A.B. asks: 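One structure is given below, represented as structure tokens, and several questions about it will come after.
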2 protein chains.
Amino acid sequence: MSDMPSCQFESRPRRIVIGSSGVQADFCATCAVRPTSVCNVIAQADMARLAEAAVETIIPPGRGFIEEGAPATDFFNITSGTAKLFKALPDGRRQITGFAAPGHFLGLAVSDSYAFGAEAVDTVRACRFSREKMAELLDDFPRLERRLLEEASNELVAAQNQMLLLGRKTARERVASFLLDQMRAGMPLDQNGQRGSLHLPMTRGDIADYLGLTIETVSRTLSWMRSQGMIDVGKGYAITIRAAGRLDTLAAGNS
Amino acid sequence: MSDMPSCQFESRPRRIVIGSSGVQADFCATCAVRPTSVCNVIAQADMARLAEAAVETIIPPGRGFIEEGAPATDFFNITSGTAKLFKALPDGRRQITGFAAPGHFLGLAVSDSYAFGAEAVDTVRACRFSREKMAELLDDFPRLERRLLEEASNELVAAQNQMLLLGRKTARERVASFLLDQMRAGMPLDQNGQRGSLHLPMTRGDIADYLGLTIETVSRTLSWMRSQGMIDVGKGYAITIRAAGRLDTLAAGNS
DNA sequence: GCAACGCATTGATTTACATCAATCCATCGG
DNA sequence: CCGATGGATTGATGTAAATCAATGCGTTGC
């Protein structure tokens with residue numbers, strides 16, 4: 001994390017409609033790859049300032065970039081790849097609290113230390129801001145603050161769903177919920193238009209730590225779903241949804 | 001919920017220092033009972049406007065006031081009592097995602113329907129705002145938006161802790177964590193200065209639904225802690241912490 | 001080519017917690 | 001006063017998922 005090039009407009013900046021106003025502007029494709037990210041609430045004239053504040057960071061698979069409990073110095077906006085966020089107990093038990101996809105914000109801490117750790121699942125690109133810069137930006141761009149509040153609210157809803165899952169759902173219901181969530185999340189990189197075909201970037205261990213299960217239970221549950229004709233488990237990290245309806249029924253607890 | 005008097009300054013408004021600036025102002029004690037609530041980020045001159053927008057609501061014990069999935073029409077700020085927030089599965093399984101103490105905000109939904117239900121544990125007083133009024137207030141008072149962002153961040157941290165608890169902690173660790181959290185939360189109403197003496201307003205069933213356990217397991221675990229000399233279980237909802245250190249060790253997973 | 005490694009799958013066994021069940025006790029309404 | 005009710009406790013039993021264990025399999029490095 002030492003040689004980070006400045007975040008600049010890429011050669012072919014994207015022209016994006018801002019909100020519902022119809023106004024269009026060019027955006028730094030690095031930190032505005034999605035309509036959910038930082039930049040698209042800031043007027044074109046201010047983009048240069050933002051680009052100056054952001055530092056592009058590339059994190060290789062498996063590398064941690066936020067350490068739980070460490071001083072919270074930076075604020076991240078994921079632009080590509082998937083990161084896992086987690087908390088751990090002293091004896092090594094670990095709970096993944098979420099997977100951060102492109103557009104997600106990380107490190108919005110009130111306290112001055114990170115409440116969770118973060119590690120790249122596959123190769124992650126992110127825009128990094130120092131907290132000071134971020135504070136300045138927040139002061140100058142109220143819409144940015146609104147965007148963050150909206151994002152935080154959405155994460156809160158997701159967290160509540162996950163609490164229901166962890167506290168009250170069975171293993172089968174958890175895995176079904178997970179597969180459907182991943183499918184709905186727009187499936188990170190499914191180039192062939194294959195409907196229902198998922199590429200899960202994370203290992204069984206990650207899935208287990210996310211669902212509060214063990215690797216073996218996740219594996220067995222996927223095998224059971226395969227035996228039921230609900231999914232196909234391909235080589236590597238590929239999974240094909242064959243019966244989304246039945247998975248839905250399962251996930252909702254109507255089993 | 002039909003006869004709600006307008007939220008006005010009470011007869012003896014409180015003089016509170018705003019932030020670190022040293023400025024003092026009188027506050028509506030109804031919606032600013034705590035330095036964490038809505039009103040204390042708004043200048044005194046604007047208090048009348050806020051008081052006009054807010055409607056005081058009194059909710060009796062056991063009464064639900066937010067229904068999961070219903071249109072999100074209102075925004076609440078708890079001013080006294082404790083509410084439970086929960087999500088449920090169709091077959092009745094229920095997960096309490098949090099207890100809302102005085103000062104907490106409720107109903108900050110991006111979607112137009114509530115993502116969770118809410119019910120009064122004991123008698124709850126709350127300031128209620130329509131979402132329209134709330135949107136206006138947010139536009140006019142940027143500091144309020146910042147306050148909400150801060151609050152949402154804190155809730156997110158709490159949610160992550162709860163996910164770790166639900167996904168990876170044992171029953172004993174869960175109960176220990178819960179008791180310590182309740183103790184740290186400033187213990188809602190412990191009039192006698194008795195240190196470590198808790199009045200838990202919620203039933204064993206609520207605790208179980210919060211911790212992802214059953215009533216029986218919660219009860220057995222408390223009995224075990226009593227047998228270990230860690231706590232005293234009094235009549236009604238009273239619990240006395242006798243060995244916070246040992247509970248801490250347990251809660252952290254160092255058992 | 002073939003160890004060595006990480007990850008996944010599958011089977012056998014154990015266990016923490018749920019479920020089922022009985023009792024107790026405080027509160028409440030008649 | 002006393003049956004009814006709802007919450008809490010405690011005991012007996014069941015079970016879903018964890019743990020322990022073995023095998024397979026693709027990738028990496030020599």
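What you see below is based on every heavy atom in this structure, not just the backbone, and it leaves out hydrogens, waters and symmetry mates. Chain letters run A, B, ... following the sequence lines, proteins first and then strands; every chain starts at 1. Because the structure is predicted, anything quoted here is derived from the model rather than measured.
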A.B. asks: Please report, rounded to the nearest Å, how far the P atom of dT10(C) is from the CG atom of Leu222(A).
C.D. replies: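 Roughly 10 Å, once rounded to whole Å.
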A.B. asks: Closer than 4.0 angstrom, basic N to acidic O: yes or no for Asp232(B) and Arg242(B)?
C.D. replies: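 Salt bridge: yes.
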A.B. asks: Quick one: label Leu213(A) by what it contacts on the DNA or RNA (base, sugar-phosphate, nothing), any heavy atom closer than 4.0 Å.
C.D. replies: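 Sugar-phosphate only.
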A.B. asks: Between dT9(D), dA8(C), dA17(D), which nucleotide gets closest to the side-chain atoms of Ser223(B)?
C.D. replies: dT9(D)
A.B. asks: Nearest whole angstrom, please: distance from the C1' of dA18(D) to the CG of Asp209(A).
C.D. replies: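 Whole-Å distance recorded here is 14 Å.
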A.B. asks: Checking all strands, does Gly236(B) fall into the base, sugar-phosphate, or nothing category for heavy-atom contacts under 4.0 angstrom?
C.D. replies: nothing
A.B. asks: Measure centre to centre between the rings of Tyr210(B) and Phe178(B), then say whether the value is under 6.0 Å.
C.D. replies: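 Yes.
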A.B. asks: Judged by each residue's nearest nucleotide on DNA chain C, which is more toward the 5′ side, Glu216(B) or Lys235(B)?
C.D. replies: Glu216(B)
A.B. asks: Touch check for Thr203(B), heavy atoms < 4.0 angstrom, all strands: base, sugar-phosphate only, or nothing?
C.D. replies: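 Touches sugar-phosphate only.
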A.B. asks: Among dA8(C), dT9(D), dA18(C), find the nucleotide with the atom closest to the side chain of Ile215(B).
C.D. replies: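 That would be dT9(D).
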A.B. asks: Quickly work out the Arg174(A) CZ to dA18(D) C1' distance and round it to whole Å.
C.D. replies: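 It works out to 12 Å between those atoms.
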A.B. asks: Between Lys169(A) and Ser177(A), is any side-chain donor less than 3.5 angstrom from a side-chain acceptor?
C.D. replies: yes
A.B. asks: Verify the ring-centre separation between Phe65(A) and Phe76(A): is it less than 6.0 angstrom?
C.D. replies: yes
A.B. asks: Look at all strands and tell whether Gly62(A) reaches a base, only sugar-phosphate, or nothing, counting heavy atoms closer than 4.0 Å.
C.D. replies: nothing
A.B. asks: Closest nucleotide of DNA chain D for Arg172(A) versus for Arg226(B): which of these residues is on the 5' side?
C.D. replies: Arg226(B)
A.B. asks: Could you state the atom-to-atom distance from CZ of Arg94(A) to P of dA18(D) in whole Å?
C.D. replies: 17 Å
A.B. asks: Would you kindly give the CG-to-C1' distance between Leu211(A) and dA16(D), to the nearest whole Å?
C.D. replies: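 That distance rounds to 16 Å.
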A.B. asks: Got a salt bridge between Arg168(A) and Asp209(B), using NZ or NE/NH1/NH2 to carboxylate O under 4.0 Å?
C.D. replies: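 So Arg168(A) pairs with Asp209(B) through a salt bridge.
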A.B. asks: Measure the angle between the two terminal helix axes of the helix from dG1(C)-dC30(D) to dG30(C)-dC1(D), five base pairs each, and quote it to 10°.
C.D. replies: 30°
A.B. asks: Is any side-chain N of the basic residue among Glu68(B) and Arg94(B) closer than 4.0 Å to the acidic one's carboxylate O?
C.D. replies: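 Arg94(B) and Glu68(B): not salt-bridged.
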A.B. asks: Looking at every strand, decide which applies to Val233(B) at a 4.0 Å heavy-atom threshold: base, sugar-phosphate, or nothing.
C.D. replies: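 Sugar-phosphate, backbone atoms only, no base.
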A.B. asks: Using only modelled atom types and a 3.5 angstrom limit, is any donor from either the side chain of Arg204(B) or the base of dG6(D) paired with an acceptor on the other?
C.D. replies: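 Donor-acceptor pair under 3.5 Å: no.
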A.B. asks: Does Arg125(A) come within less than 4.0 Å of Glu56(A), counting only side-chain N to carboxylate O?
C.D. replies: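 The answer is yes: the pair qualifies as a salt bridge.
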A.B. asks: Between Thr217(A) and dA18(D), is there a contact of a side-chain N or O with OP1 or OP2 at under 4.0 Å?
C.D. replies: yes
A.B. asks: Could you tell me how far apart Asp206(A) (CG) and dG6(C) (P) are, to the nearest whole angstrom?
C.D. replies: 15 Å
A.B. asks: Rounded at 0.5 Å granularity, tell me how far NZ in Lys84(A) sits from CG in Asp122(A).
C.D. replies: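 Here the interatomic distance stands at 10.5 Å.
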A.B. asks: Quick check: on DNA chain D, is the nucleotide nearest Arg220(B) upstream (toward 5') of the one nearest Met202(B), or the reverse? Name the residue that is more 5'.
C.D. replies: Met202(B)
A.B. asks: I need the OH-P distance between Tyr237(A) and dT9(C), as an integer number of Å.
C.D. replies: 10 Å
